[in-house]
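Please read the structure below before turning to the comments.
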Amino acid sequence: MLSISNLNKSFGKLKVLQGININIFEGDICAILGPNGSGKTTLIKTILGLVIPDFGSIKLNDKEIINTWSYRSDISYLPQITNFPSNLTVVEIIDLIKTIRPNTKMDKELIDLFNIKKSMNKKLVDLSGGTKQKVNIILTFMSDSPIIILDEPTAGLDPISLIKLKTLIIKEKEKGKTIIVTSHIMSFIEEISNDIFFLLDGSIFFNGTITDLKERTNENSLESAIANLLKQSHV
Ligand code: ADP
Ligand code: MG
């Protein structure tokens, strides 16, 4: 279980996370939603140790993880922005990650699934945005970790790849994995996750299931429920 309590982070005068409390249970697919700049990526980075919070606690299975590092081998992470050396080819980056990450497998299946065989010898700099994202997804799902964190995995994907990603996530959930995901595509979130954390200006404005949220807002779709929440926040 991942348990975050009273997490705070400022960048200079900008308070980005303000007293965040979150519990994520093993086997959950939980969605962190919120408008641009609400603190989703910063929150994810604190879980990974890429941003050190000012205060608060993050416990993984009852152990404090802030300023430790060994737990990271249990997390597969798809960053919102990747910065791999752009001169490497797709096959080279896949081989490189295989040497760095523990428990890598499935790369052949994933390459087939996302149909990128034609691009294997292209340099990362020469790939289209969508193909680059497919490579990022392959690099993430290649390592077999109990926790998967996906920061906007749907960015730039065509509809067919989106369905493939959805199937992949559901398969991993069936293996008992814990998945944390952000996305602006509400139909995608609605199909894969049940627990929602809606961030607004660095605080959790809503936490509950999609059903709770629809009931609270009296809306039929997640998209309109979120729009309704945002309207409420401006009152
Ligand atoms: P989201 O992922 O929800 O779009 P972010 O967590 O990326 O939001 O950003 C939240 C706020 O924190 C934004 O105003 C962003 O500009 C700011 N921010 C994020 N990282 C840094 C940083 N390293 N230094 C200064 N400001 C930052
Ligand atoms: Mg972000």
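Numbering of residues begins at 1 and proceeds along the displayed sequence. Hydrogens, waters and symmetry mates play no part in the numbers below; they use all other heavy atoms, side chains included.
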| task | Apply side-chain contact (heavy atoms from CB on, under 4.5 Å) to the pair L48 and R72, showing each step before the final yes or no. | result | CA-CA 7 Å; L48 294 151; R72 289 190 199 173; 5.6 Å; no

| field | Within-4.5 Å side-chain heavy-atom neighbours: K63 and Y71 | value | no

| Quick one: are D95 and K98 in side-chain contact, heavy atoms under 4.5 Å? | yes

| task | Determine yes or no for a side-chain-to-main-chain donor-acceptor pair under 3.5 angstrom, with D151 supplying the side chain and L78 the backbone. | result | no

| request: For the residue pair L43 and I4, establish whether any side-chain heavy-atom pair is separated by less than 4.5 Å. | output: yes

| Exam field: side chain K40 to backbone G34, donor-acceptor pair closer than 3.5 Å | yes

| field | Side-chain donor or acceptor of N103 paired with backbone N/O of S143 under 3.5 Å | value | no

| message | Please check: side-chain N/O of Q18 versus main-chain N/O of N8, any donor-acceptor pairing under 3.5 Å? | response | no

| Is there a donor-acceptor contact under 3.5 Å from the side chain of T82 to the main chain of F84? | no

| query | Backbone N or O of G27 within a donor-acceptor pair of the K173 side chain at under 3.5 Å? | reply | yes

| task | State whether D144 and K177 are salt-bridged, where the test is any N-O pair (Lys NZ or Arg NE/NH1/NH2 against Asp/Glu carboxylate O) under 4.0 Å. | result | yes

| message | With rounding to the nearest 0.5 angstrom, report the CD1 to CD1 distance, I65 to I47. | response | 7.5 Å

| task | State, to 0.1 Å, how close N220 and K214 come at their nearest heavy-atom pair, and which atoms those are. | result | O-CE, 3.1 Å

| task | With rounding to the nearest 0.5 Å, note down the distance linking CZ in F55 to CG in L7. | result | 9.0 Å

| message | Treating N6 as the side-chain partner and N21 as the backbone partner, does any N or O pair qualify as donor plus acceptor under 3.5 Å? | response | no

| query | If every non-hydrogen atom of P153 is compared with every non-hydrogen atom of I137, which pair is closest and at what distance? | reply | O-CD1, 3.8 Å

| task | Locate the shortest heavy-atom distance separating I66 from P53; write the atom from each residue and the value. | result | CD1-CG, 3.6 Å

| Any donor and acceptor pair, going by atom type alone, linking the side chain of S119 with main-chain N or O of K122 inside 3.5 Å? | no

| Are I160 and K164 side-chain neighbours, meaning at least one heavy-atom pair lies under 4.5 Å? | yes

| Of E190, E191, E172, which meets salt bridge (charged side-chain N to carboxylate O under 4.0 Å, His left out) against K166? | E191

| Partner of I75 by side-chain contact (heavy atoms from CB on, under 4.5 Å), out of T178, I148, I147, L2 | I147

| Would you call D158 and K134 a salt bridge, taking side-chain N to carboxylate O under 4.0 Å as the test? | yes

| field | Spacing of CZ belonging to F197 relative to CZ belonging to F206, to within rounding of 0.5 Å | value | 10.0 Å

| request: Can you measure from CG (D195) to CD1 (I210) and round to the nearest 0.5 angstrom? | output: 9.0 Å

| Pair E64-S57, side-chain hydrogen bond (donor to acceptor under 3.5 Å, both in side chains): steps then yes or no | CA-CA 7 Å; E64 184 62 55; S57 139; 3.1 Å; yes

| Has the side chain of T209 got a donor or acceptor atom that lies under 3.5 Å from a matching backbone atom of D212? | yes

| query | Do N36 and H184 come close enough that some side-chain heavy atom pair is under 4.5 Å? | reply | yes

